[in-house]
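Residue numbers begin at 1 in each chain, while the letters A, B, ... track the order of the sequences.
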2 protein chains.
Amino acid sequence: MDITIDNKTAQTLASVVRFHRKKSGLSQSQLAKLAGIGKTTVFDIEKQKPTVRLNNLLAVLSVLNIRINLESPLMSFFEKEEFK
Amino acid sequence: MDITIDNKTAQTLASVVRFHRKKSGLSQSQLAKLAGIGKTTVFDIEKQKPTVRLNNLLAVLSVLNIRINLESPLMSFFEKEEFK
DNA sequence: TATATATTACCGTTATAGCAGTAATATCGT
DNA sequence: ACGATATTACTGCTATAACGGTAATATATA
């Protein structure tokens with residue numbers, strides 16, 4: 001089961017990241033080290049800063065074993081075209 | 001059906017955004033206007049710039065009607081805890 | 001084929017994200 | 001309850017993302 005994110009994206013991302021970090025028994029500093037970013041950046045993500053850099057968020061999600069799915073009505077057409 | 005993104009996240013995001021923009025019959029400038037960001041930012045996203053700001057990417061995905069799902073083994077526990 | 005128009009790509013200035021250091025707060029151990 | 005330790009929150013400097021203008025390229029039209 002997964003969580004869909006729309007208008008509350010930054011807010012939900014923050015909660016999801018914080019929850020998974022806690023469950024992993026990591027501090028913000030530890031997670032930052034594992035993700036190769038600064039601890040302020042982890043702090044920013046968990047505090048719903050919407051302007052964080054994409055690569056930093058992805059690094060954090062990767063460490064926490066969280067995957068991203070993109071969903072849209074056109075996605076099946078995209079698949080056909082991209083994987084010809 | 002949806003596309004999972006892992007190591008090729010920025011690359012796939014770029015392709016997904018470009019594909020959906022073309023399908024919508026929009027230019028980079030038009031998409032930028034609709035998303036309320038600069039056209040260089042749309043250009044950067046489509047050219048796989050990994051450090052774009054999260055809010056700008058989300059604005060673009062929103063205009064193109066692309067939703068984000070987060071997936072992880074712990075997600076069902078997250079749901080139970082967050083929506084008590 | 002040439003010209004006009006539309007679109008993508010690049011440039012340089014400005015606002016700000018990321019960072020480590022440090023302050024504030026929370027938690028742990030005695 | 002107090003002191004030690006761990007963690008979170010804040011600060012300010014520096015590198016850079018975002019931006020609109022403009023150059024380069026692609027497409028449409030005559």
Side-chain angles (χ1 to χ4, degrees), chain A residues 5 7-66 68 70 72 74 77-78 81-82 84, chain B residues 5 7-66 68 70 72 74 77-78 81-82 84:
Chain A
I5 297 186
N7 295 335
K8 294 182 171 181
T9 305
Q11 182 181 1
T12 311
L13 270 169
S15 304
V16 164
V17 165
R18 187 177 176 83
F19 175 84
H20 283 74
R21 175 176 67 80
K22 291 287 197 178
K23 282 294 184 186
S24 305
L26 296 170
S27 66
Q28 288 179 342
S29 295
Q30 288 171 321
L31 176 52
K33 244 180 174 46
L34 290 170
I37 65 180
K39 59 186 188 293
T40 302
T41 306
V42 172
F43 174 78
D44 286 340
I45 289 169
E46 291 192 2
K47 280 299 185 243
Q48 302 167 26
K49 190 177 186 187
T51 55
V52 297
R53 286 184 191 166
L54 176 64
N55 62 329
N56 289 341
L57 174 66
L58 296 178
V60 164
L61 295 180
S62 178
V63 168
L64 297 174
N65 198 28
I66 300 169
I68 294 179
L70 297 180
S72 85
L74 291 173
F77 297 99
F78 170 77
E81 174 143 330
E82 289 300 302
K84 272 172 181 169
Chain B
I5 298 183
N7 295 336
K8 295 184 171 180
T9 306
Q11 181 182 2
T12 311
L13 269 170
S15 303
V16 164
V17 164
R18 187 178 175 82
F19 176 83
H20 283 75
R21 176 176 66 80
K22 292 288 201 180
K23 282 294 182 185
S24 305
L26 295 170
S27 67
Q28 289 180 341
S29 294
Q30 288 171 320
L31 175 52
K33 244 179 176 44
L34 290 169
I37 66 178
K39 58 185 188 294
T40 301
T41 305
V42 173
F43 174 79
D44 286 339
I45 289 169
E46 291 191 3
K47 281 296 185 247
Q48 304 168 23
K49 190 177 182 186
T51 56
V52 296
R53 286 184 193 168
L54 176 64
N55 62 327
N56 289 339
L57 173 66
L58 296 178
V60 164
L61 294 179
S62 179
V63 168
L64 296 173
N65 199 28
I66 300 169
I68 293 178
L70 296 180
S72 86
L74 291 172
F77 297 99
F78 170 76
E81 175 145 326
E82 288 303 302
K84 270 172 184 168

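Counting any heavy atom pair closer than 4.0 Å across all strands shown, A:R21 reaches sugar-phosphate atoms only and no base atom. A:K39 comes within contact range of at least one nucleobase, with a heavy-atom separation under 4.0 Å. As judged by a 4.0 angstrom heavy-atom cut-off over every strand, A:T40 is placed among the base-contacting residues.
Nucleotides of DNA chain D that come within less than 4.0 Å of any heavy atom of chain A span, from the 5' end to the 3' end, D:dT7 to D:dA17.
Between the CD atom of A:Q28 and the C1' atom of C:dA26 there is a distance of 13 Å, rounded to whole Å. The distance from atom CG of A:N55 to atom C1' of C:dG18 is 10 Å, rounded to the nearest whole Å. Atom P of nucleotide C:dT8 and atom NZ of B:K47 are separated by 9 Å, given to the nearest angstrom. Distance A:F43 CZ to C:dT22 C1': 14 Å, rounded to the nearest Å. Put simply, CG on B:L54 is 15 Å from C1' on C:dT16, counting in whole angstrom units. A straight line from NZ of A:K33 to P of C:dG18 spans 18 Å, rounded to a whole angstrom. The CG-C1' distance, from B:D44 to C:dG12, rounds to 14 Å in whole Å. Rounding to whole angstrom units, CD of residue B:E46 and C1' of C:dT8 are separated by 10 Å.
A:S24 places no side-chain N or O within 3.5 Å of a backbone atom of A:L26 that could act as its donor or acceptor partner.
A close approach under 4.0 Å does occur between a side-chain nitrogen or oxygen of A:N56 and OP1 or OP2 of C:dG18.
B:G25 and B:Q30 get closest at one heavy-atom pair: O-OE1, 3.9 Å.
Rounded to 10°, the angle separating the first-five-pair axis and the last-five-pair axis of the helix from C:dT1-D:dA30 to C:dT30-D:dA1 equals 50°.
Of the inter-residue distances, the one linking B:K33 atom NZ with B:S27 atom OG reads 9.5 Å to the nearest 0.5 angstrom.
Here the rule is side chain to side chain contact (heavy atoms under 4.5 Å, CB included) with A:V60, and of A:V63, A:L58, A:L64, A:N56 only A:L64 fits it.
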